[in-house]
2 protein chains.
Amino acid sequence: MLLSNTCIYGLRASVLLASKLSDDFVTIRELSDELNISFHFLTKVLQMLTKSGILKSYKGPNGGVKLARPASQITFMDIVESIDGKQIIKECALGLPGCGELKPCPLHDQWSALKENILNMMNHISLEQLASNRASDQFNISMHY
Amino acid sequence: MLLSNTCIYGLRASVLLASKLSDDFVTIRELSDELNISFHFLTKVLQMLTKSGILKSYKGPNGGVKLARPASQITFMDIVESIDGKQIIKECALGLPGCGELKPCPLHDQWSALKENILNMMNHISLEQLASNRASDQFNISMHY
DNA sequence: GTATATTAAGATAAAATACTCTTTAATATG
DNA sequence: CATATTAAAGAGTATTTTATCTTAATATAC
C-alpha cells in the first residue's frame with residue numbers, strides 16, 4: 001500500500017471539502033458522517049492538515065474546517081506530504097543503501113520511471129480536479145513493450 | 001512505501017541467491033551477513049518463501065536455502081505476492097469502497113494506469129534479470145503531458 | 001550414538017500505525 | 001455571564017509490523 005490509511009482519510013476529506021459550494025466552515029462531524037470515518041480519528045488527521053496550512057479551522061458555533069486556498073491551488077501531493085511525509089516513495093524498490101545514479105541497484109531505472117509517473121500524477125492533480133472528477137483531463141500515461 | 005520491509009528483505013535475499021553461480025544450498029547466515037539483515041528475522045522471511053515454494057531448504061550441515069526454480073522463472077511479483085500478499089496495490093488510491101469501472105472514484109483512471117505499469121513491471125522482471133542487472137532490457141516506460 | 005550444523009517454530013518484545021476517549025480552549029448566542 | 005458548539009490537545013488502547021530470543025526438529029560426520 002502506497003499511502004497510509006491516515007493519508008487516505010485526509011485526501012478523502014479534502015476532496016469532499018473541495019466539492020462544497022459554499023465557503024462556510026464545515027464541521028468535522030459532518031465530514032466524518034459523510035465519509036464514514038471515526039469522528040475523533042478524522043479530527044486528528046485534519047489537525048495535521050490545519051497545522052501544515054492546507055486547512056483553516058475555526059472553533060465554536062458555525063465553526064469547522066475549510067480549505068485555506070482555492071481547491072485549484074492544492075495538489076494531491078500537498079496532502080500526501082503533509083500526512084505521510086516527503087519520503088512516500090523510497091529511492092528504489094529494493095531499498096538498497098546507496099542506490100542512486102552513481103551505483104544503481106538492479107531495479108533502479110525501472111523504478112525511477114515508475115516513481116516519476118507517480119510523483120508527477122500527485123504533483124499535478126489538484127483538489128479541484130478531483131472534486132469535479134475531471135482529473136483525467138490532465139493525463140495520458142502509456143507503456144510500451 | 002509500496003512494499004513492506006519484510007518484502008524488500010525477501011527480494012534482496014532472492015536476488016542474491018539468484019546471483020550465486022553454484023547450485024549448492026546457501027546458509028541464511030551467509031545471506032544475512034552479506035545483506036546486513038538480522039539473521040533471525042531473515043530466517044522468518046525466507047520461511048515464507050520456502051512455504052510458498054519459491055525456495056527449497058535443507059537442514060543440517062551443508063544445508064541452507066536455494067531457489068526452487070531457475071531464476072529466469074521466478075518473477076519479482078512471485079516474491080511480492082508471497083510476502084505482502086496479492087493486494088499490495090489497492091483498487092484505487094483513495095481506497096473508496098466500491099470504486100471500480102462502474103462507479104469510478106475521481107482518481108480511478110489515473111490510478112489504474114499507474115497500477116498497470118507497476119504490476120506489469122513486477123510480473124515481467126525475473127530474478128535472473130535482477131541478478132544480472134539487465135532488468136532494463138525489458139522496459140520502456142513513458143509518460144506524455 | 002554423540003556432537004555439530006542448520007532450518008523451523010514458537011514465544012516474546014519493541015516500534016509504528018490506527019483508533020478512542022477525555023479534557024481544554026475558543027467562540028457564539030442569548 | 002451562562003450555556004452550547006466546536007476544534008485542539010493529551011492520554012490511553014488496540015493492532016500490525018518489525019525484530020529478537022529460545023527451543024525443537026532434521027541432517028551430517030565421526
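To find a chain, count down the sequence lines: A is the first, B the second, and so on, and within it residues start at 1. Quick note: numbers below take in every heavy atom, side chains included, and nothing from hydrogens, waters or symmetry partners.
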- request: On the 0 to 90° scale, with breaks at 30° and 60°, tag the B:Phe41-B:Tyr9 ring pair as parallel, tilted or perpendicular.
  value: perpendicular
- prompt: Where the side chain of B:Gln47 is concerned, which of C:dC21, C:dA9, C:dC19 is the nearest nucleotide?
  reply: C:dA9
task: Indicate whether OP1 or OP2 belonging to C:dT20 is found under 4.0 Å from a side-chain N or O atom of A:Ser38.
output: yes
Might you list the N or O atoms of the protein lying below 3.5 Å from N or O atoms in nucleotides 11-15 of chain C, with each pair's distance?
none

- prompt: Between A:Gly60 and A:Phe39, who's closer to the 5' end of DNA chain C by nearest nucleotide?
  reply: A:Phe39
field: Distance test, side-chain N/O of A:Thr6 to OP1/OP2 of C:dA18, below 4.0 Å
entry: yes
- prompt: Pick the nucleotide of DNA chain D nearest each of A:Leu46 and A:Pro61; which residue has the one closer to the 5' end?
  reply: A:Pro61
field: Separation of D:dC21 P from B:Leu42 CG (nearest whole Å)
entry: 16 Å
message: Looking at B:Lys59, I'd like to know whether one of its side-chain N or O atoms comes within less than 4.0 Å of OP1 or OP2 on D:dA24.
response: no
statement: Side-chain contact check for B:His40: nearest option of D:dC21, D:dA9, D:dA7 is D:dC21
task: State whether the side chain of B:Asp84 and the backbone N or O of B:Ser4 hold a donor-acceptor pair below 3.5 Å, judged by distance alone.
output: yes
- request: Kindly write out the residues that satisfy side-chain hydrogen bond (donor to acceptor under 3.5 Å, both in side chains) with B:Thr75, not counting sequence neighbours, or none if the list is empty.
  value: B:Asp78
query: How many Å lie between CD1 on A:Ile28 and P on D:dT5, as a whole number?
result: 16 Å
query: Under 4.0 Å: is that the gap between some side-chain N or O of A:Tyr58 and OP1 or OP2 of C:dA28?
result: yes
- prompt: Roughly, in whole Å, what's the span from CD1 in B:Ile8 to P in D:dT17?
  reply: 14 Å
message: Which residue is it: B:Ile83, B:Val80, B:Leu49? I am looking for the one with a side chain to side chain contact (heavy atoms under 4.5 Å, CB included) to B:Leu11.
response: B:Val80
field: Nearest listed nucleotide, side chain of A:Asn62, among C:dT29, C:dA8, C:dT6
entry: C:dT29
statement: note: B:Asp84, atom CG; D:dT18, atom C1'; distance rounded to Å ~ 13 Å
task: Compare side-chain N and O positions of A:Lys56 against OP1 and OP2 of D:dA7 and report whether any pair is under 4.0 Å apart.
output: no
query: Which nucleotide, C:dA8, D:dT28, C:dC19, lies nearest any side-chain atom of A:Tyr9?
result: C:dC19
- prompt: Is B:Ile74 reachable from B:Val65 through a run of I, L, V, M, F, W or Y residues, each pair having side-chain heavy atoms under 4.5 Å apart?
  reply: yes
query: Among A:Leu16, A:Val15, A:Leu17, whose side chain to side chain contact (heavy atoms under 4.5 Å, CB included) with A:Ser19 holds?
result: A:Leu16
message: Please report the distance, rounded to the nearest Å, between CZ in B:Phe41 and C1' in D:dT22.
response: 18 Å
